[in-house]
Amino acid sequence: QVQLVESGGGLVQTGGSLRLSCAASGRTRASYSVAWFRQAPGKEREFVAAISWSGANIYYADSVKGRFTISSDNAENTVYLQMNILKPEDTAMYYCATNPRAVPGKGRAEYTAWGQGTQVTVSS
């Protein structure tokens, strides 16, 4: 089993930045992918960004393209989500998840291990 722990969330003003971290431990594999999802109150959990562990495949939701950057540090088994130019609509609980496939997808069902989440709140 893979265990995931997110950190880095907090309260920030509109236009500000945060960097989220997702630390993986346990049965990590070199061929798996990692994604960030988010869920706002009363809404479905939605895809934000994903990266293959090699870093060769990276995908973003249209709503965050140009503002968010996903990256990985394989030596530290950690994936990051740099979030810039934050907007109130980015307010949500952010979750990281792993997918045993080498190429990540955007569907929640593909992801087999999830962290507990870290809250991001953007004030207007």
Please set out all donor-acceptor pairs under 3.5 angstrom arising from side-chain atoms of residues 68-78, sequence neighbours excluded.
{"unit_1": "Asp73", "atom_1": "OD1", "unit_2": "Ala75", "atom_2": "N", "d": "3.2"}
{"unit_1": "Asp73", "atom_1": "OD1", "unit_2": "Glu76", "atom_2": "N", "d": "3.2"}
{"unit_1": "Asn74", "atom_1": "OD1", "unit_2": "Trp53", "atom_2": "NE1", "d": "3.1"}
{"unit_1": "Asn74", "atom_1": "ND2", "unit_2": "Trp53", "atom_2": "O", "d": "3.2"}
{"unit_1": "Thr78", "atom_1": "OG1", "unit_2": "Glu76", "atom_2": "O", "d": "2.9"}

Side-chain heavy-atom pair Leu4, Thr98 within 4.5 angstrom cut-off: yes

Full working for side-chain contact (heavy atoms from CB on, under 4.5 Å) between Arg38 and Leu81: CA-CA 12 Å; Arg38 66 186 181 187; Leu81 185 68; over 6 Å; no

May I have the list of side-chain donor-acceptor pairs in residues 12-24 shorter than 3.5 Å, sequence neighbours left out?
{"unit_1": "Thr14", "atom_1": "OG1", "unit_2": "Ser123", "atom_2": "O", "d": "2.7"}
{"unit_1": "Ser17", "atom_1": "OG", "unit_2": "Asn84", "atom_2": "OD1", "d": "2.9"}

Atom pair CG/OG1 of Asn99 and Thr112 - distance to nearest 0.5 Å: 7.0 Å

Under the side chain to side chain donor-acceptor pair (under 3.5 Å) test, residues paired with Glu44 that sit two or more places apart: Arg108

Pairing of Lys65 and Asp62 as salt bridge, 4.0 angstrom limit: yes

Residues which pass ring-ring contact (aromatic ring centres under 6.0 Å, His included) with Phe47, listed by chain and number, not counting sequence neighbours: Phe37

Approximate separation, where rounding is to 0.5 Å, of Glu89 CD and Ser63 OG: 9.0 Å

Per-pair distances, 0.1 Å, donor-acceptor, side chain in residues 113-120, under 3.5 Å, sequence neighbours excluded:
{"unit_1": "Trp114", "atom_1": "NE1", "unit_2": "Tyr111", "atom_2": "O", "d": "3.2"}
{"unit_1": "Thr118", "atom_1": "OG1", "unit_2": "Gly9", "atom_2": "N", "d": "3.1"}
{"unit_1": "Gln119", "atom_1": "NE2", "unit_2": "Ala92", "atom_2": "O", "d": "3.4"}
{"unit_1": "Gln119", "atom_1": "NE2", "unit_2": "Thr121", "atom_2": "OG1", "d": "3.4"}

Met83-Tyr80 co-clustered via ILVMFWY side chain contacts under 4.5 Å: no

Pairing residues for Gln39 by the side chain to side chain donor-acceptor pair (under 3.5 Å) criterion, not counting sequence neighbours: Arg45

Step-by-step side-chain contact (heavy atoms from CB on, under 4.5 Å) determination, Met93 to Tyr95: CA-CA 7 Å; Met93 185 71 80; Tyr95 300 89; 3.4 Å; yes

Step-by-step side-chain contact (heavy atoms from CB on, under 4.5 Å) determination, Val64 to Trp36: CA-CA 12 Å; Val64 306; Trp36 287 95; over 6 Å; no

Separation between NZ of Lys106 and CD of Glu46, rounded to the nearest 0.5 Å: 12.0 Å

Where Ser33 and Ala102 come nearest, the two heavy atoms and their spacing: OG-O, 3.0 Å

Check against side-chain contact (heavy atoms from CB on, under 4.5 Å), Arg67 and Tyr60: CA-CA 10 Å; Arg67 301 189 297 123; Tyr60 296 99; over 6 Å; no

Heavy-atom pair with the smallest gap, counting every atom of Gly105 and Ala50: O-CB, 4.3 Å

Shortest non-hydrogen contact from Ser124 toward Pro88: CB-CG, 3.9 Å

